[in-house]
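Data first, discussion second: the structure below is written as structure tokens.
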Amino acid sequence: MLKVNNIDVYYGDVQALWDISFEVKEGEIVALLGSNGAGKTTTLNTISGLLRPRKGNIEFLGQELTKLPAHKMASLGIAHVPEARKLFPEMTVKENLLMGSLMPEAKARREESMERVFTIFPILKERAWQAAGTLSGGESQMLAVGRGIMACPKLMMMDEPSLGLAPFLVDEEFKVIERINREGITILLVEQNVAHALKACTRAYVLEIGRITLQGKGEKLLHDKHIEEAYLGI
Amino acid sequence: MKKVKLGLLLGLVVVLVAAFALPGCAPEVAPPEEEEEEEVPTGPIKIGINFPLTGAKANFGTMDWLSIQLAYAKFGVEEVGGRPIRFVIEDNRGDPATAKSAFEKLATLDEADVVLGGYTSSCGVVQAAAANDLKVPFLICNSSKDAITMEGWEWVFSGARVPASHYGDNMWPMIDEVLMPGGVSKVALFYEMTDWGTSSAEALRANFEARGIELVYDEPYDSDAIDLKPMLAAVKAAKPDMIMAVSYLMDASLIARQAGELRLNVLCFMGQAGGYTMPEFVVNAGENANYILTTALWSPFAPWEGELAGVKWTNQEYYEGYLGSYGAEPDYHGAQGFAQWMICLDALLRIDAAGETINRETIREALTETKLMTTMGLIEHKDWCDDMGHCYTNQGLPVTYVTQWQNLVQEWVWPVEAKSADYIFPVPKWEER
Amino acid sequence: MALFGQTIICGFLMGGVYAVIAIGMTLILGVMKIINIGHGHLMMVAMYVCFALFTSLGLHPYIAMFVAMPCLFGIGYLLQRYSIHRVRFVDTILPQTQVLLTLAIGLVFVEIIRVIFKSDFRSVYTPFSSKCLYIGDMSISLPQLISFGIAMAFVAGLHILLTRTDFGRSIRATAQDLDAAKYMGVDALRVSSLTFGLGMALAAAGGALLLPIFYLFPDIGVPFTIKALIITILGGAGSTVGALSGGLVFGMAESLGAVYWAPGYKDVVGFVIFLLVLLFMPGGLKTVIKR
């Protein structure tokens, strides 16, 4: 579904990614793991079109992405649930959700999607008329994911969905991710929380200072020696 | 111009070479050549023009300049003493800093013999100061700030301008003889916050107080204000018998309209020249202009006439000439411009008649002796002091008038000798119009 | 009492028209993060459009407004899309190049208008201009009342647009978080161009509403840019409710200042508000209203 082929990305003159290649197949949950500053968010922003690769290309459902402006990604069926949520703080919860469904296909299914989001996250229904800026951390994260669901995407890219959440909420969060995936959305997940991510994902790639150093099935990597030492602290 | 200079230079070089090459002949050749250098005028007589011809102040700056050109054409004098008259035009955009640098350019680079300028008080002030520094005669057109001719500057001449504190000179006899006996004892005074407004108000205040008239409201206002009703509501609450207003054009129109809206009833509403006399006033104020009295610096009906450079002229003729040539009515600004050229031309002709060379110094001397009938009445440059303790140098004093808008026409009602209609006082209430 | 009542009426009616002018500026500031210094100048252009339609076809400004608004919308849209937006990518030593550009554009328009219409003062005076309603000793100017009504209709319309439509929500979203709006598929350039156009159309409406009660000359824009800026700061960037309340407060303050302080210092009243808000209420009225 998504193919990233040998991309190099720079911030000005500083290279951030070296020859990154990976693939996400339909129906998978693919995790992109790594510590802070490894280049995970940079990778997502490049797919989203906010950054441009100097070398290599990105294909989504056979279409070349690297030439398209950022706002076209949504219409192709890519939803980006960004790091730090990036909600619209002065808009209500409901308005934030509506903002998720601007594209014609999503707009046609707006009511239905909204019901779906409220079923997954009942608390959002209670808070529907509250400004997004007044939500708690957990609620904000739910809203960010909910807004992604509103887009009826084929692929959802989630950037650090568990960041800043209390431990019991992290478990909830991963359940939600798996649920969304079961309902038919392919997921590209960027995480620092390696243990949870590896349990949930189909396959994973490990990024270290801008390069992919490891890849494989989630379960298998969970028992990888390097992973154990570097990320799981065993 | 350049060719003349080049010719002169070549001539001098030839003389010089000749002086060395032919030592025997030199004493005979040189003296007449040298004499000619002094005698031969240095090209045309240059008249500097320093007005706002573009920008926000261009409407009256242009009226001034068009009137000067009208006068130039009317009297038909194109050269004096064998030297052609040439205008050097500088557009100062109504900006004092530009007006000053334009003046300096005219004085130094263009070597103007005399400069005509002085529209907007702010520009007139800097032009006059520059004139005195650079020793170039400067004739004022409209600038009305009192102080311009109060500095003792010998190179600055009032022309037909009226010091702001004398705009109302002829209003006082009317107040004494008509308005006060008719019941005016409380006056509301408001004036725009400019040089002209404040110096006018100062004189008005003193004169009202000298008559024992109470000033129940006395405030400057911001002439750019969009809504003057709050101020007028406060005026209304002060219950005056008479309103005395110093305003420019559009604020005058707004005030007239909004006074009507508020039904601000008084025995009479007197404007101090400025906006209230202008043809555009009635266009913008509509029937609200009716019954408003205003002091005026000029009247197209004033019986001024005379002869200059052998050409007979009348005041009425200027009015018709301007209207015919430019399709718009002139007001006092234009009449002052027309008079400005008359005064300048008169000085040049007198110098020539006396057989003297025309230069800055002789022009200055001639202007100190100006005594000329113009479209603004008799202008006599004199040094004098008024009863407010203002002492002026080279300042004339045109006659002023009082007019009243009646049926959307401006009628001259005072002095009675120059009237076009009888005054209406007290004026009808707004509700009854 | 009549004086106080009259003062309040004047301030309130004027404030409504100020609000429409300022709301355009607040929208542009919200979405594009720049202060449109050319705001008043472009409003002036709209006023001349109305004036020309009045003199040539006899259209009252209330009708001519519906010609002037699309004109200014178009001008605003094209300006942002093909001029202001592009400057973002130009390397320059000047700070705030886009702001300076709006100023330059405004000045160009002033000179164009001056060439066409000269510096003369103009006004649209009809007998209707002076019609009033009287309540006791107080008068309410009918054209001002109508202008106020139309102004409120525009404010309400804009509020509905911003809160009830996808396009309006996209404008607000872009103002609140540009990157997130892009993730949602919002074409930021299109939104900012349309917003600039919308802001200009609202300024045009404000200008048209002023025309029957005020007058016109090419340099009329500057004081209105300043007033709009003060109201924007007072109300808080990007907020219709803030701009509306800011406009009303500002109009009232001017009016009260002229009556109970000094009519010569109307501008000072504005600047005092400007300073006080910056110092003590940096978010503007919008923060107070929200809480």
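As the structure is a computational prediction, the values presented were derived from the model and not from experiment. Below, chains carry the letters A, B, ... as their sequence lines are ordered, and counting in each starts from 1.
Put simply, of B/Tyr221, B/Phe190, B/Tyr191, the one with the most heavy-atom pairs under 4.5 Å next to chain C is B/Tyr221. The greatest number of non-hydrogen atom pairs below 4.5 Å with chain C, out of B/Leu232, B/Val283, B/Asn284, is found for B/Asn284. Among the candidates B/Ala225, B/Gly260, B/Ser223, the residue making the largest number of heavy-atom pairs closer than 4.5 Å to chain C is B/Ala225.
Using a 4.5 Å cut-off between heavy atoms, C/Phe217 does not touch chain B at all. In this structure, chain B has a heavy atom under 4.5 Å from the side chain of C/Leu210, while its backbone stays farther away. Looking at C/Glu254, neither its backbone nor its side chain comes within 4.5 Å of chain B, counting heavy atoms on both sides. With a 4.5 Å cut-off on non-hydrogen atoms, B/Met193 touches chain C through its side chain but not through its backbone. At a 4.5 Å heavy-atom cutoff, the contact between C/Asp219 and chain B is made by side-chain atoms alone. With a 4.5 Å cut-off on non-hydrogen atoms, C/Tyr18 touches chain B through its side chain but not through its backbone. Neither the backbone nor the side chain of B/Glu280 comes within contact range of chain C; no heavy atoms are under 4.5 Å apart. Using a 4.5 Å cut-off between heavy atoms, C/Lys227 contacts chain B through its side chain alone, with no backbone atom that close. Using a 4.5 Å cut-off between heavy atoms, C/Tyr260 does not touch chain B at all. Residue contact with chain C, scored on non-hydrogen atoms closer than 4.5 Å, is absent for B/Glu192. For B/Ala233, the parts lying under 4.5 angstrom from a heavy atom of chain C are both the backbone and the side chain.
Looking at B/Ile226 and C/Met14, their side chains come closer than 4.5 Å, going by heavy atoms from C-beta outward. Under the 4.5 Å side-chain criterion, counting only non-hydrogen atoms from C-beta, B/Leu262 is in contact with C/Gln6. Counting heavy atoms from C-beta on, the side chains of C/Cys10 and B/Met231 never come closer than 4.5 Å. B/Trp430 is not listed as a side-chain neighbour of C/Cys132, based on a closest heavy-atom distance of 4.5 Å or more.
In terms of heavy atoms, B/Leu254 sits closest to C/Tyr215 at CD1-CE2, 3.8 Å. The minimum heavy-atom distance between B/Ala234 and C/Val259, with the atom names listed, is CB-CG1, 4.2 Å. Across all non-hydrogen atoms, the minimal contact from C/Asp120 to B/Asn59 is OD1-CB, 3.3 Å.
B/Lys229 and C/Gln144 are linked by a side-chain donor-acceptor pair at a separation below 3.5 angstrom, with hydrogens and angles left out of the test.
Here the CZ atom belonging to C/Phe121 is positioned 5.5 Å from the OH atom belonging to B/Tyr248, to the nearest 0.5 angstrom. Going from atom CD1 of C/Ile220 over to atom CG of B/Asp224 covers 9.0 Å, rounded to the nearest 0.5 Å.
With hydrogens and angles ignored, the 3.5 Å screen pairs no side-chain donor or acceptor of C/Ser255 with any backbone N or O of B/Pro230.
More than 12 heavy atoms of other shown residues, nucleotides or ligands fall within 6.0 angstrom of atom NZ in B/Lys186. Other residues, nucleotides and ligands contribute more than 12 heavy atoms inside 6.0 Å of the OH atom of C/Tyr134.
Between C/Asp137 and B/Arg263 no salt bridge is recorded (no basic side-chain N to carboxylate O distance below 4.0 Å).
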**OP:** Show the numbers, then the answer: is there a side chain to side chain contact (heavy atoms under 4.5 Å, CB included) between C/Ser139 and B/Gln258?
**Re:** CA-CA 10 Å; C/Ser139 85; B/Gln258 299 187 339; over 6 Å; no
